[in-house]
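Numbers here are sequence positions counted from 1. In each ligand, atom 1 is the first atom listed, and ligand 1 is the first ligand listed.
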Amino acid sequence: MTETADKPSLNFIEQIIEKDLASGKWDGRVQTRFPPEPNGYLHIGHAKSICLNFGLAEKYNGSFNLRFDDTNPVKEEDEYVEAIENDIRWLGYDLDGKVLFASDYFEQFHEHAVTLIKKGCAYVCDLTSEETREYRGTLTSPGKDSPYRDRSVEENLELFEKMRSGAFPDGSKTLRAKIDMASPNLNMRDPVMYRILHAKHHRTGDKWCIYPMYDWAHGLEDSMEKVTHSICTLEFENHRPLYDWFLDQLGIFHSQQIEFARLNLGYTVMSKRKLLELVRDKHVRGWDDPRMPTLRGYQRRGYTPEAIRTFCERIGVAKMNSRIDIAVLENCIREDLNKRAPRVMCVLAPLKVVIENYPVGQTEELDAVNNPEDTAAGSRKIPFSRVLFIEKSDFLEDAPKKFFRLAPGREVRLRYAYFVTCTDVIKNDAGDVIELRCTYDPATRGGDSPDGRKVKGTIHWVSAEHAAEAEVRLYDRLFSEENPDKLPEGKPWLDTLSSTSLATLPSCKVESSWMQAANAADWTDGIQRVQFERTGYFCLDADSTKDKPVFNRTVTLRDTWAKVQKNNAQKKS
Ligand code: ATP
Ligand code: MG
């Protein structure tokens, strides 16, 4: 066997790490972190970052920690802190007590700032934020020095101390790094390190009225935690010189920043600002709406943490931004659920069927396989009786030849039960079909043909008397455009919110043994998941009551969108 055949190729970050391990750069250590700002719930992009960082630490026998980057008091809340921790655990990662907060380092950040002032590398500036922007220049023109740039070290120390003690109003002064106003990299043009903000912080309360900016704080956080490989997304690539500059000026532990492409998914948005807007303005039911790309939404939708991890691994790490087709994620979900979800029959749009030659009042029990993919799952008994429900869409009055389901005079197999033939169609005054009359062939019990008679179609059904009533919610793409962030002619992103992303079916009929089949203990998160034969994978929603279960459709059995797109493409050509 060649070396490449038994050793999967390394992604570019693994290559960097293996080179570092070989050269002894970090004394053989690998330490990564996941640094969310607690200003929203985690989404699938975050999951990608968590899987990557945690996965690297695990693979190289290193360590990983969660660190809340809570340097902005205005948008951050404890609600998010708790939700983020829970979601990471749900994903399957044990935090093992390694939960850190940037706000615990405020005192040290302040000391480091004083060190830079003493070195002549930072100054207090009185320009307003608007003036600061003007002075910064543009990509094509250099910036201008601030008139406060040459304040003495003593004056800067004194002013900075006063900033901290609350002597100045919000926005009246900043502490800035003294780097180079002519730098081609705008981030290096004397960036702001501290701003004045009299705001209550979720953890430090009123202790501080100056708060560090992201670029100033982030490298210090990594350094203090002795993170070796500080992995972030591509938009921070041209912040890296600043990250390096701060750590070099201070001469402290210097983590290495490495950028990778963020995950973008089709037909959704991933910016926390936009997700918050969807929730706040009630375009969705909450952060855990099953249409949201948040981990809470996915959990409620019935996605499994195992499948999400497989997805994150499968898409790999890249250095170029791209958009991943949602079908890739859905396929991972299907693959996992196919192996693990017990099968149950549920009729989503019920049509009554009376088997005329079946004795009134009789019930018999038929054997049904719980999961053909898992022999250990065994079988169950399902009741059969004279009155049944089948799916409305499984009957057509004027059926074309290739319609292998029920039609007047045609025979079909009822899954695990009998062959039945439609003998009569009953309609209401409006002409809608409301009931079918059928006969069954007692010789076909179990769905086998005794005389080799061929029946092409097999449909699902439930016994009317024995079925439970259920509400079923079907979900579709939240947006009708693949990239809502980039619409032609500056169309606002909310304009492409799909009006058909949720369909509620209030009175579905489900085999009442579903409860026995859907054993919550079989799933790491205790959520009950099943496959409704022929209609998809479903999970039990928290809105369920004792009398009426509510199911969310997790995913269809096949990628129906691929078919739609293929048909459209064929029509066009
Ligand atoms: P937003 O820009 O919407 O506020 P963010 O990226 O700033 O989101 P953070 O809470 O700062 O959100 O993110 C925490 C970590 O998750 C960061 O290290 C960031 O690089 C990573 N991350 C965020 N979004 C994605 C994504 N779509 N793909 C991969 N990693 C991501
Ligand atoms: Mg951020």
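- Near Phe34, meaning under 4.0 Å from one of its heavy atoms, ligand 1 places the atoms 14 (C), 15 (C), 16 (O).
- The atoms of ligand 1 that sit less than 4.0 Å from any heavy atom of Pro36 are 10 (O), 14 (C).
- Under the 30°/60° scheme for interplanar angles, the aromatic rings of Phe106 and Phe109 are found to be tilted.
- Annotation: salt bridge (Lys or Arg N to Asp or Glu O under 4.0 Å) contacts of Asp145 (sequence neighbours excluded): Arg149.
- Every atom of ligand 1 is numbered from 1 in the order shown, and the set under 4.0 Å from a heavy atom of Thr233 is 20 (O), 29 (C), 30 (N), 31 (C).
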Stepwise ring-ring contact (aromatic ring centres under 6.0 Å, His included) test for Trp90 and Tyr298: CA-CA 11 Å; Trp90 175 73; Tyr298 285 161; 8.3 Å; no
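- Counting the atoms of ligand 1 from 1 in the order shown, those under 4.0 Å from a heavy atom of Pro35 are 14 (C), 18 (O).
- Distances between N or O atoms of Leu263 and those of ligand 1 include at least one value under 3.5 Å.
- Using 4.0 Å as the threshold, Phe236 has no heavy atom nearer than that to any atom of ligand 1.
- Ring orientation note: the planes of Tyr41 and Tyr80 are nearly perpendicular, at an angle over 60° on the 30°/60° scale.
- Comment: Arg189 does not engage Asp180 in a salt bridge, judged by the lack of any side-chain N to carboxylate O separation of less than 4.0 angstrom.
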Verdict with reasoning, Glu259 to Arg240, per salt bridge (Lys or Arg N to Asp or Glu O under 4.0 Å): CA-CA 9 Å; Glu259 309 87 16; Arg240 182 166 11 106; 2.6 Å; yes
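- Residue Ser271 has at least one heavy-atom neighbour below 4.0 Å for each of these atoms of ligand 1: 3 (O).
- Using bins of under 30°, 30° to 60° and over 60° for the plane-to-plane angle, the ring pair Phe246/Trp216 lands in the perpendicular bin.
- Ligand 1 has an N or O atom lying under 3.5 Å from an N or O atom of Gly45, backbone or side chain.
- At a 4.0 Å cut-off, at least one heavy atom of His43 sits close enough to ligand 1 to count as contact.
- Atom 2 (O) of ligand 1 has its nearest heavy-atom neighbour, among Glu235, Arg262, Arg273, Met270, in Arg262.
- Under the 3.5 Å distance criterion, with hydrogens and angles disregarded, no donor-acceptor pair is assigned to the side chains of Asp525 and Gln299.
- When the heavy-atom distances from atom 12 (O) of ligand 1 to Glu259, Lys272, His218 are ranked, the shortest goes to Lys272.
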